[in-house]
Every structure is written in C-alpha cells, then in structure tokens.
Enquirer: 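Below is the structure I would like to discuss, written out as structure tokens.
Order of listing sets the numbers, starting from 1, for every ligand and every atom in it. Note that the structure is a prediction, hence the values are computed from the model and not measured.
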Amino acid sequence: MSESTESTRRGFLSAAAIASGVLCGSCNRSPNIGSRNVQQANPIGPADVTLRIGPVLADIAKEHTISTTGYNGSVPGPLIRLREGVPTTVDLFNDTDTPELVHWHGQIIPALLDGAAEEKSLQVPAHGHIRYHLTPQPSGARFVHTHVMSMADLSRGTYTGQFAFVYIAPKNNPGSFDQELFLATHEFEAFLGAEEMEEGDEEDRDTESKKKGVQPKQEKPNGWEIGYQRFTINGKCLGYGEPIRVKEGQRVLFHFLNASATENIQLAFPGHQFQVVALDGNPVPQPQLVDELELGTAERVSAIVDMKNPGVWVLGTPKDDDRNNGMGIVVEYANRGGSPRWVKPPKKRWNYTLFGQSRTVQTPEEIIPLVFGKINGGKGGFNRWTINGASFDETAPLKTLQKGRHYRLVLDNRTDDAHPIHLHRNSFELTKVYGTLTGGILKDVVLIKGFQQIEVDVTPAMDGLTLFHCHQQLHMDYGFKLLFNVV
Ligand SMILES: [Cu+2]
C-alpha cells in the first residue's frame with residue numbers, strides 16, 4: 001500500500017472523543033460570529049481532529065514538485081476517521097495569509113460548522129485558529145475540503161490540495177473485507193483554455209444534444225474552460241507512487257473520491273469488476289458489478305473488488321491523454337512483476353438506476369423546479385450560470401424550506417455541460433433519472449448530463465441556511481448556486 005493510501009492516523013486522532021456539547025471558538029483573531037452558543041476559550045488538551053492549513057510542496061511525479069496549499073503538510077490531507085454520533089473536537093489552524101473555509105462535505109451538521117460563507121459558517125482567520133465540536137453523521141465515506149471562491153485565481157479553492165477523506169464508522173458492523181483503500185483523484189497545474197472540455201462521453205453527448213435539441217443560439221461564444229497539466233491519485237501521477245499491493249483471493253474495499261475542482265471522471269480496473277456497494281458513502285439498495293465507475297466532482301463510490309486475476313495492472317481513467325498525464329495507479333499482486341497492463345474497458349454507460357429500486361416514491365408535499373442555464377462569456381470571459389434565470393445574488397430573498405417536509409427538486413439542465421449538483425447538510429434520494437423512476441439511492445451530489453433532467457427528493461434534516469450549488473468550482477464561482485433557509 002502506498003504511503004498516501006495508508007491511513008495516517010498516528011498522532012492525529014485520540015481514542016476517545018470528548019463528549020462536550022459546548023461549542024467554543026478560540027483564535028488569534030477571533031471570527032466575527034456573534035453567535036450566542038459560541039464562547040471564546042483557550043483550548044484545553046489536544047483536539048480529536050487537527051487540521052492545519054498551510055503551504056505544501058508535493059512530489060507528484062519524478063522530478064516534479066508542485067507548490068500548493070494543503071492540510072497537515074500532505075496532499076491529500078490525512079484520512080480522518082470519525083464515529084457516527086460521537087461528539088468530536090476539531091482544531092483548525094490557518095497558516096496562510098487569507099481566511100479559509102473548511103467544509104465537511106456530506107455531513108448533516110449545523111450551518112455554523114458546515115464551512116460555507118453563504119451559510120455564515122465560521123471562517124478560519126488568516127494565521128488564526130478556531131476550535132469547535134461536531135457530531136459526525138451519517139456514517140460512510142465523506143470528505144473535507146476548502147469552500148472558498150477561486151474566481152480567476154487558480155491557486156485558490158478546490159484547485160489546491162485542500163482535501164482529505166473523512167470516514168464515519170457506522171454504529172453497527174461495517175461489513176467484511178481484507179483490505180480497505182481510500183483513493184482520491186485530483187488534477188494539478190490548472191490553466192485557462194479556450195477549448196471546451198468535454199464531459200463524459202462525447203459521442204453520447206452528441207446524440208443527447210441531437211435528441212433533446214441544442215442550446216439556444218447565443219451571441220457570444222463559449223467562455224473560458226479549465227485544463228490541467230497533471231493528473232493524480234492520492235497526490236501521485238501514475239507510476240510514481242507506491243503500487244497498491246494485493247494478494248490473490250483478497251476482497252478489497254475501495255473508497256473512491258473525485259476531489260477535482262472541475263472534472264468529472266471515469267475509472268476502470270482491467271481484468272476486474274467493481275461491485276458498487278455505496279454511493280456518496282450511503283449503502284445502495286442493489287449492489288451491482290460494473291466495469292467502469294463514473295464520478296462527478298465531489299462524488300464518492302465505494303466498491304468491493306475480488307482479486308482473482310493475478311498480474312500487475314493499471315487502475316485508471318479510460319481517457320488515454322489523462323491517464324498518460326497521471327490519472328491512474330498500479331495494482332500489483334504478490335509475487336507478480338513486469339510492466340503494468342492497461343486494457344480499454346468495454347463501453348458501457350454508467351447509470352445510477354442500476355443500483356436503485358424500481359419503485360415509485362411517495363408523492364412529495366411540494367415540487368420545486370430548478371432550471372439550469374448558461375450565459376456565454378465570450379472569448380477571454382467567463383460564462384455565467386443561472387438557476388431559474390438568475391445568478392446567485394446574496395441580497396435576493398431566500399427560499400424557505402420547512403424541516404421535516406418532503407420536497408422534490410426537479411433538476412432541469414438546459415445547458416450542454418454536465419453538472420455535479422450538491423446540496424449541503426442533507427442527503428437526497430434519487431427518484432427519477434433521465435426518465436427512469438428509481439428509489440433508495442441516497443446521495444449528496446448528483447451528476448446531471450447535458451440537456452437532461454433528474455429528480456431528487458429531500459426532507460430537510462436540520463434548520464438553518466443550506467447551500468445548493470454546482471460543485472464544479474468555475475460554475476459555482478460564476479453564479480451557479482442558491483441558498484435555502486430551513487425553518
Ligand atoms: Cu456546473
């Protein structure tokens with residue numbers, strides 16, 4: 001197992017969490033939060049989790065070191081293991097010159113701790129520190145990442161190395177496997193380019209566009225898109241890090257995370273199949289074997305692989321250019337040698353409904369249509385993104401949702417791009433995917449292809465401000481977000 005796939009828990013988590021319900025903030029420069037349940041105090045004793053945000057030099061390939069920002073001096077940051085429902089003390093230190101936001105992606109926690117500026121969450125001041133307590137939930141593969149806006153500055157936000165797996169152990173038996181691996185994909189050395197980066201399968205998209213009709217003709221051409229020089233899994237380009245070492249007959253549980261700022265990816269493991277057991281950390285109703293995974297930005301897939309094809313293999317993206325630039329990792333069976341083999345996977349389309357139940361979900365109490373649009377930015381400009389005709393406006397009146405009420409969000413993508421749509425502080429259930437009814441799949445991000453519709457049901461779990469947005473950093477920064485107020 002490579003250094004970075006190994007869980008780096010030593011000196012990081014204490015055995016027992018402090019069961020204190022009091023939230024305290026402590027910092028060199030105190031955050032301006034004015035909340036009644038926050039008290040200024042000096043931290044007493046070590047926290048259960050400490051994240052230190054700071055500059056990192058990461059060796060991602062042979063004689064290739066990048067300078068970025070990360071957690072605890074590594075990219076990705078260390079695996080954070082928490083226990084469902086067990087209050088946990090968190091220390092956040094910021095060694096950079098700018099305030100940071102640490103977002104606990106996929107957890108149902110108070111807005112104050114969620115780590116989004118729109119939700120008025122606590123910020124970690126530049127060269128400052130905050131401490132608070134959070135109660136992790138629900139169980140499964142989650143993650144932590146920065147939530148700052150990057151805009152045109154590609155050295156900020158999710159373009160950096162500020163991401164780490166969070167695994168919340170369930171209260172009950174987590175299942176049986178011989179080895180558990182956490183693999184996060186991320187691209188580095190981002191640049192602005194004129195060429196439109198295709199999302200998923202170009203052939204598919206062409207047919208879809210023809211079928212569904214093309215985007216309305218716009219006066220301006222498409223604006224900037226993001227490209228990358230280097231592609232990594234757990235911070236290493238293919239062939240540079242230690243291989244994953246397995247033995248014949250082992251059952252290996254992989255947790256994959258797409259920690260990209262902007263890219264949706266596919267992953268395949270030649271000679272093997274993935275048995276998908278959880279999506280975004282939540283067990284699926286119907287685990288299924290597939291040859292290829294697809295993950296929109298911020299999505300997680302947990303899959304078991306039976307190691308029954310001894311050899312040395314490349315697990316990676318089927319896109320040759322991206323794999324050649326690093327998006328892959330070597331899997332080496334014991335007592336096997338030679339060059340790693342790559343074989344193009346059979347072409348089958350990823351489909352969420354494979355893992356769901358074909359059933360009709362109860363009629364919701366309210367249906368909320370959300371139409372996604374794009375206004376081209378033109379050459380040298382940024383595209384703007386709209387929900388129901390408007391880009392995000394912090395002065396606009398908030399849409400109120402009621403806690404415990406059953407809503408259906410009808411996501412209607414009227415653009416030719418795929419969008420990984422994320423709702424904070426909740427899980428939602430997929431109920432209709434591209435015209436097919438489904439049930440039982442709980443997620444916090446759903447990837448919606450160009451000119452398609454997906455319906456998701458949500459019953460808000462906790463009150464407070466709740467952000468809804470596209471997880472593609474460029475889209476989010478340029479208007480693709482909406483703030484709900486749950487009361
Ligand atoms: Cu988007």
Enquirer: Give me the one residue out of Lys443, Glu455, His422, Arg408 that meets side chain to side chain contact (heavy atoms under 4.5 Å, CB included) with Phe428.
Expert: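 Exactly one pass, corresponding to Lys443.
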Enquirer: Salt bridge or not for Lys319 and Glu263, using N-O below 4.0 Å?
Expert: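 No, this pair does not count.
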Enquirer: Keeping waters out of it, list the protein N, O or S atoms under 2.8 Å from the Cu ion (ligand 1).
Expert: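 Listed by chain and number: His419 ND1, Cys470 SG, His475 ND1.
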Enquirer: With His475, which of Arg384, Lys481, His419, Lys374 fulfils side chain to side chain donor-acceptor pair (under 3.5 Å)?
Expert: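 Among Arg384, Lys481, His419, Lys374, the one meeting side chain to side chain donor-acceptor pair (under 3.5 Å) with His475 is His419.
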Enquirer: Show the numbers, then the answer: is there a ring pair (Phe, Tyr, Trp, His ring centres under 6.0 Å) between His145 and His471?
Expert: CA-CA 12 Å; His145 66 85; His471 215 283; 4.9 Å; yes
Enquirer: Say you draw a straight line from CG of Asn376 to NZ of Lys220; how long is it, rounded to the nearest 0.5 Å?
Expert: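 The NZ atom of Lys220 is 9.0 Å from CG of Asn376, to the nearest 0.5 Å.
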Enquirer: Measure from NZ or CZ of Arg405 to the centre of the six-membered ring of Tyr407, then state whether that distance is under 6.0 Å and the direction lies within 45° of the axis.
Expert: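 The answer is yes; both the distance and angle limits are met.
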